[in-house]
Amino acid sequence: METTEWMTAVLASDNLRSAWKRVKANKGAQGIDGVTIEDFPAHLRAHWGDIRRQLETGRYRPSAVRRVEIPKDDGGKRLLGIPTVMDRVIQQAIAQVLTPIFDPSFSASSFGFRPGRNAHQAIRQVQRHVKDGYAMAVDIDLAKFFDTVNHDVLMKILGRTIRDKALLALIGRYLRAGVQVGEHIEPNDIGTPQGGPLSPLLANILLNELDHELERRGHRFARYADDMVVLVKSRRAGERVMQSLTRYLEGRLKLKRNPAKSKVAKMSECGFLGFTIIRGKIRWLEKKLEAFKHRVRELTGRSWGVSMEYRLHKLGQYVRGWLGYFGISEYYRPIPELDEWIRRRIRMCHWKQWRWPRTKINRLLALGVSLKTAIQHGTSSKSCWHMARTPAMQQALNNDWFLAQGLPSIKTLWCQAQGYSSSPSEPTR
DNA sequence: GTCGCTCCAGT
RNA sequence: UGAACUGGAGCGAC
Ligand SMILES: Nc1ncnc2c1ncn2[C@H]1C[C@H](O)[C@@H](COP(=O)(O)OP(=O)(O)OP(=O)(O)O)O1
Ligand SMILES: [Mg+2]
């Protein structure tokens, strides 16, 4: 029997319990066996004994994944592979065991799908390199990344670290579980399912090879999933790096570049994670701002027949959430403009025609826009946008400072805003 | 401090 | 009804 501590750790009751908790919390759809999150506990009681034994003896056969196609931004379609609830739990349990083992070996420049790391850190790293004089970007995105992961390459890498043959074999079976298209099941010899809890970790383990190769060559870069930017000093160097990396990816990892999303250009002409770097400052991409405006138009449009409260609620949570991500933009010029734009939009659509109470409009404006931008840009909530944004100023920007300026405290402002953004129970339409 | 839910963003 | 990972904001319960 090949069962070692690895599989035992996967099957430990604590680990399985938290894995199930996570799968349940995601409230995902059923797999090909039709077992939903709700009837999983009963299903588990009936079959766990058998399945556990199969897992321990290395005989367990995962079910195929269910194929669902969803549209992508660029017009193409994304092929999801939805494992059964049982397989999602098992994969999650494996991921929880493997993450603490593999994650420490990952590159400091890898930011996607990793605990404690996010897109902001990735774009800030790019910014630092640009400021250090590496302004030319080799922007690479892989074609159909998850769908083209090579099993042999990945299994070899896994085998270097995972000593447990049963676990290794189980991961191999998950990779080759097949997909159900319509009525029949089709085998697959390539790819890891977009929808498998283990897939993001496997993706990082595979591209960890690339990260270390980049480090070995002394490159400055940031990677987020299959999206990466290598920063160099000249276009010549960029072209050379692009060529050699393309060769490395295709030769060693059997992965292809997405030519449409890959290029060598000044970082100010590249997009990464929704941002770009203009004159050393982080700024959101124009198309992201356009998407934001479009969404606000929808939310404030007259063709949406819902109650006032509901509309305010939805608008507030969208604006606040959006600024939570894009609010790290340091390019402050567009922000007052954006603030003004939202104000105009709200007044135009609703103040006159719909006779919104003035107080409600003011509270909405205070809610996600003025306040948040004011805090983040070191100015008062009265739109003193031209005030210097020195580090000392940032430091001084605390509650005391607000009060000293004769402004309401941050807490007061937030309480006002919260009263209109998230009532104890969600407002009705 | 530990869980539960609603959102937002990136991939 | 479209899975997953990660980060964030908020609310709620012990
Ligand atoms: N909802 C999702 N959106 C984007 N990426 C996802 C999602 N779920 C899983 N992923 C993973 C799988 C993708 O292979 C990987 C990279 O995303 P992305 O580059 O947008 O698509 P892709 O690499 O599959 O196709 P493309 O050829 O268009 O680049 O991130
Ligand atoms: Mg891609």
Side-chain angles (χ1 to χ4, degrees), chain A residues 17-19 21-32 36-37 65-74 77-85 87-89 91-92 95-96 98-99 103 106 110-124 141-142 144-146 179 192-205 207 222-228 258 261 271-275 284-285 288 291-292 295 299 313-329 367-368 371-372 375-376 414-415 417-427:
Chain A
R17 220 190 330 274
S18 64
K21 236 182 216 169
R22 165 59 74 83
V23 170
K24 185 170 58 152
N26 289 340
K27 296 189 304 190
Q30 65 200 26
I32 59 166
T36 63
I37 298 285
V65 297
R66 187 162 62 89
R67 169 67 76 234
V68 172
E69 294 177 5
I70 61 171
K72 272 194 299 198
D73 278 348
D74 59 18
K77 50 190 169 191
R78 164 164 273 115
L79 304 175
L80 299 181
I82 305 170
T84 64
V85 175
D87 286 324
R88 295 213 292 272
V89 173
Q91 280 193 42
Q92 179 67 36
Q96 287 171 2
L98 295 189
T99 296
D103 199 83
F106 289 166
S110 163
F111 295 94
F113 303 136
R114 290 182 62 187
R117 292 175 165 249
N118 58 37
H120 290 163
Q121 295 167 334
I123 191 69
R124 284 205 191 94
D141 188 284
L142 302 178
K144 305 245 164 286
F145 175 40
F146 277 33
V179 287
T192 184
Q194 303 189 39
L198 191 54
S199 295
L201 178 63
L202 296 180
N204 270 340
I205 291 171
L207 290 189
R223 183 176 69 79
Y224 193 104
D226 74 335
D227 205 353
M228 75 198 92
N258 181 342
K261 294 191 200 165
F272 186 53
L273 307 173
F275 297 98
W284 51 57
L285 292 173
K288 297 294 179 182
F292 173 79
R295 180 82 181 114
L299 289 168
H313 178 78
K314 285 296 180 194
L315 181 58
Q317 69 188 21
Y318 178 67
V319 170
R320 198 172 47 235
W322 194 88
L323 285 172
Y325 185 77
F326 288 104
I328 70 155
S329 169
L367 168 70
L371 176 62
K372 184 129 193 180
I375 290 169
Q376 282 172 345
W414 269 118
C415 289
Q418 291 319 311
Y420 276 84
S421 66
S422 48
S423 33
S425 60
E426 180 145 328

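Numbers restart at 1 for each chain; the letters A, B, ... are given by sequence-line order, proteins then strands. Values below: every heavy atom of this structure, side chains too, minus hydrogens, waters and symmetry copies.
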Picking from U6(C), G2(C), C5(C), the nucleotide nearest the side-chain atoms of Ala29(A) would be G2(C)

Please tell me which of the listed nucleotides, dA9(B), dT11(B), dG4(B), lies nearest to the side chain of Tyr325(A)?
dA9(B)

Flag the pair Val85(A) / Ile37(A) as yes when at least one side-chain heavy-atom distance between them is below 4.5 Å, and no otherwise.
yes

Check the phosphate of C5(C) against Gln92(A), side-chain N and O only, distance under 4.0 Å to OP1 or OP2. Yes or no?
yes

Please work out if Gly116(A) contacts a base, only the sugar-phosphate, or nothing of the nucleic acid, heavy-atom cut-off 4.0 Å.
sugar-phosphate

Tell me what Leu80(A) touches on the nucleic acid: a base, only sugar-phosphate, or nothing, going by heavy atoms under 4.0 Å.
base

Is there a side-chain contact between Ile70(A) and Val68(A) (heavy atoms, below 4.5 Å)?
yes

Tell me: NE2 of His120(A) to P of dG10(B), nearest whole Å?
10 Å

Can you tell me how far the CD atom of Gln194(A) sits from the CG atom of Leu79(A), to the nearest 0.5 Å?
7.0 Å

Can you work out whether Pro83(A) or Pro115(A) has the more 5'-proximal nearest nucleotide on RNA chain C?
Pro83(A)

Would you say the base of dG10(B) and the side-chain of Tyr224(A) have a donor-acceptor pair closer than 3.5 Å?
yes

Tell me, please, which residues at least two apart from Arg88(A) pass salt bridge (Lys or Arg N to Asp or Glu O under 4.0 Å).
none

Euclidean distance, atom CZ of residue Phe146(A) to atom P of dT11(B) [Å, nearest integer]:
13 Å

Counting heavy atoms from C-beta on, name the nucleotide in dG4(B), dT11(B), A4(C) closest to the side chain of Lys21(A).
dG4(B)

Would you mind reading off the distance between Phe111(A) atom CZ and G8(C) atom P, rounded to a whole angstrom?
15 Å

Is Arg88(A) close enough to A4(C) that one of its side-chain N or O atoms is under 4.0 Å from OP1 or OP2 there?
yes

Give the nucleotide from the list A4(C), G2(C), dT11(B) with an atom nearest to the side chain of Ile82(A).
G2(C)

Counting the atoms with a prime plus P, OP1 and OP2 as sugar-phosphate, which does Gly196(A) contact under 4.0 Å by heavy atoms, base, sugar-phosphate, or nothing?
sugar-phosphate

As a test of reading the structure: which of A4(C), U6(C), dG10(B) is closest to the side chain of Leu273(A), going by heavy atoms?
dG10(B)

Rounded off to whole Å, could you give me the CG-to-P distance for the Leu79(A) and A3(C) pair?
16 Å

Interatomic distance, Trp284(A) CH2 vs dA9(B) P [rounded to whole Å]:
13 Å

Lys27(A) vs A4(C): side-chain N/O to OP1/OP2 distance below 4.0 Å:
no

So does Arg22(A) get a side-chain nitrogen or oxygen closer than 4.0 Å to the phosphate oxygens (OP1/OP2) of U6(C)?
yes

Which pairs of donor and acceptor atoms, one on a side chain in residues 113-121 of chain A, lie under 3.5 Å apart (sequence neighbours left out)?
from      : atom 1 : to        : atom 2 : distance (Å)
Arg114(A) : NE     : Asp103(A) : OD1    : 3.0
Arg114(A) : NH1    : Ser107(A) : O      : 2.8
Arg114(A) : NH1    : Ser110(A) : O      : 3.1
Arg114(A) : NH2    : Asp103(A) : O      : 3.3
Arg114(A) : NH2    : Asp103(A) : OD2    : 3.1
Arg117(A) : NH1    : Ala108(A) : O      : 3.0
Arg117(A) : NH1    : Ser110(A) : O      : 2.9
Asn118(A) : OD1    : His120(A) : N      : 3.1
Asn118(A) : OD1    : Gln121(A) : N      : 2.9
His120(A) : NE2    : Tyr325(A) : O      : 2.8
Gln121(A) : OE1    : Asn118(A) : N      : 3.0

Using atom CZ of Phe113(A) as one end and atom P of dA9(B) as the other, report the distance to the nearest whole Å.
17 Å

Does a side-chain N or O from Lys288(A) land closer than 4.0 Å to OP1 or OP2 of dG10(B), or not?
yes

Can you tell me if Asn26(A) touches the phosphate of C5(C), counting only side-chain N or O atoms and a distance under 4.0 Å to OP1 or OP2?
yes

Starting from P on A4(C), measure out to CD on Gln96(A) and report it in whole angstrom.
13 Å

